Amino acid sequence: MSSLSEELTGYAAVIVTGGSSGIGKSFIKRVAKLHPGLLICNLSRSVPDINLCQLKLRHVPCDLSDQGALGAAVAEVLRLLNVEAPSGRVLLINNSGFGGYGRFAEVNLAHQLEMIDVNVRAVVELTGRLLPILKARGGAILTVASTAAFQPTPYLATYGATKAFVLHWNLALNEELRGSGVRALALCPGPTSTEFFRRAGLQQGSVSDSLGQTSEAVVEEALQALVRGRAQVVTGWTNKLMVAVSSKLSKPLATRIGAKILERYRLRKAAL
Ligand SMILES: NC(=O)c1ccc[n+]([C@@H]2O[C@H](COP(=O)([O-])OP(=O)(O)OC[C@H]3O[C@@H](n4cnc5c(N)ncnc54)[C@H](OP(=O)(O)O)[C@@H]3O)[C@@H](O)[C@H]2O)c1
């Protein structure tokens, strides 16, 4: 089995969504350190603020909730690949995503539809548009799902369902891609210290730090799983344990227990 840096030197370019913050930003920092000079194309609304020497980062501004925006962004990514990394494998990291905490009826409906656009539609569209070049040059698709994908998540109902979609979709895609030179990995982190919880409407510290991982630890496990050719990785031992337990329960029981745990966060909802 090759090491992480050996594996990455086989790649010419990384295309990542949401590299301006959290897990996406940690992906950029880690791959750039392992493989300086690697072309990294980032798609997000804000520019990643990263200072690293030899960082070949190209920011392609894109609001993934805008259904018309991806065509132009993908054209720019393909142009950059052609000019700056014309051969070699390509790694696509579908990372952008957000949640919205609260009862379905209380969370703004437009916000939930936007969540489906970013967490689901953009993942399918970006992957579909880039698959021809990935197949031509070889590579991998790494999609950030969540431990929320393994059972329904009351008070995060839409968010959990978007993650269940991308987990199942990614696993199915990986099977279809066998023998094509492209594989797909679903990354399932649990609570991770990023901007995610604040953006989802929860106060900092709503999820106990002892339960959470750093974005750097999540990225490290993800890249190791990529080297091993895994189809799915749940990061962190507490998350692995929780997923193993919840998968033994009936869906209605897992949902009931999930509701008891998640409703406690209502007390710590941020005043937005
Ligand atoms: N943190 C956790 O506990 C946790 C656990 C499991 C899974 N995840 C998943 O991990 C992924 C990364 O989240 P994070 O924890 O790193 O949170 P984060 O720090 O809030 O980062 C979210 C990223 O998504 C991008 N994004 C959001 N809306 C976007 C839009 N409309 N168009 C383009 N990009 C958009 C943001 O970029 P801009 O704002 O610049 O556009 C930002 O870079 C998400 O898919 C999330 O669901 C997180």
Side-chain angles (χ1 to χ4, degrees), residues 15-30 40-50 57 59-70 72-74 77 93-101 110-123 125-126 142-151 153 156 158-167 169-170 186-202 204-209 211-219 221-222 232-236 238-240 242-243 262 265 270:
I15 300 155
V16 58
T17 63
S20 55
S21 175
I23 294 171
K25 192 172 188 175
S26 294
F27 265 119
I28 294 180
K29 286 183 175 169
R30 188 66 179 127
I40 303 170
C41 300
N42 170 66
L43 277 70
S44 60
R45 293 166 302 183
S46 33
V47 186
D49 177 17
I50 301 172
L57 176 64
H59 175 62
V60 179
C62 185
D63 181 347
L64 294 171
S65 69
D66 176 351
Q67 299 205 4
L70 255 176
V74 168
V77 166
I93 305 176
N94 288 309
N95 163 76
S96 279
F98 66 91
Y101 185 81
H111 188 68
Q112 305 206 39
L113 295 174
E114 201 178 302
M115 195 189 300
I116 295 170
D117 283 336
V118 175
N119 296 11
V120 175
R121 188 197 51 76
V123 170
E125 184 178 351
L126 185 61
L142 192 164
T143 300
V144 185
S146 169
T147 50
F150 292 92
Q151 67 289 300
T153 51
L156 284 163
T158 305
Y159 176 73
T162 66
K163 293 301 178 180
F165 178 100
V166 291
L167 172 61
W169 180 78
N170 212 79
L187 167 62
C188 303
T192 308
S193 39
T194 66
E195 286 297 298
F196 177 86
F197 289 96
R198 191 186 57 76
R199 288 180 173 175
L202 287 155
Q204 253 359 39
S206 314
V207 178
S208 156
D209 286 346
L211 270 181
Q213 285 188 292
T214 62
S215 56
E216 290 82 9
V218 168
V219 163
E221 278 193 63
Q232 171 188 304
V233 59
V234 175
T235 62
T238 39
N239 297 324
K240 286 183 176 69
M242 279 162 71
V243 165
L262 287 163
Y265 297 140

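Note that the structure is a prediction, hence the values are computed from the model and not measured. Quick note: numbers below take in every heavy atom, side chains included, and nothing from hydrogens, waters or symmetry partners. Nothing fancy with the numbering, it's 1 onward along the sequence. Numbering of ligands and ligand atoms starts at 1, following listing order.
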Report task. Would you please name every residue forming a salt bridge (Lys or Arg N to Asp or Glu O under 4.0 Å) with Glu114, sequence neighbours left out? Result -> none

Report summary line: Close residues (non-hydrogen atom under 4.0 angstrom from ligand 1) work out to Gly18, Ser20, Ser21, Gly22, Ile23, Ser44, Arg45, Ser46, Cys62, Asp63, Leu64, Ser65, Asn95, Ser96, Gly97, Phe98, Val118, Val144, Ala145, Ser146, Tyr159, Lys163, Pro189, Gly190, Pro191, Thr192, Thr194, Glu195, Phe196, Phe197, Arg199

Query raised in the report: With the threshold set at 4.0 Å, does a side-chain nitrogen-carboxylate oxygen contact exist between Glu221 and Lys240?
Result: yes

Report task. List for me each residue that meets side chain to side chain contact (heavy atoms under 4.5 Å, CB included) alongside Ala161, sequence neighbours excluded, and say none if there are none. Result -> none

Report task. Please tell me if the side chains of Val218 and Val144 come closer than 4.5 Å, counting only heavy atoms from C-beta onward. Result -> no

Query raised in the report: Listed by chain and number, what are the salt bridge (Lys or Arg N to Asp or Glu O under 4.0 Å) partners of Asp63, not counting sequence neighbours?
Result: none

Query raised in the report: For the side chain of Asn42 and the backbone of Gly19, is there at least one donor-acceptor N/O pair under 3.5 Å apart?
Result: yes

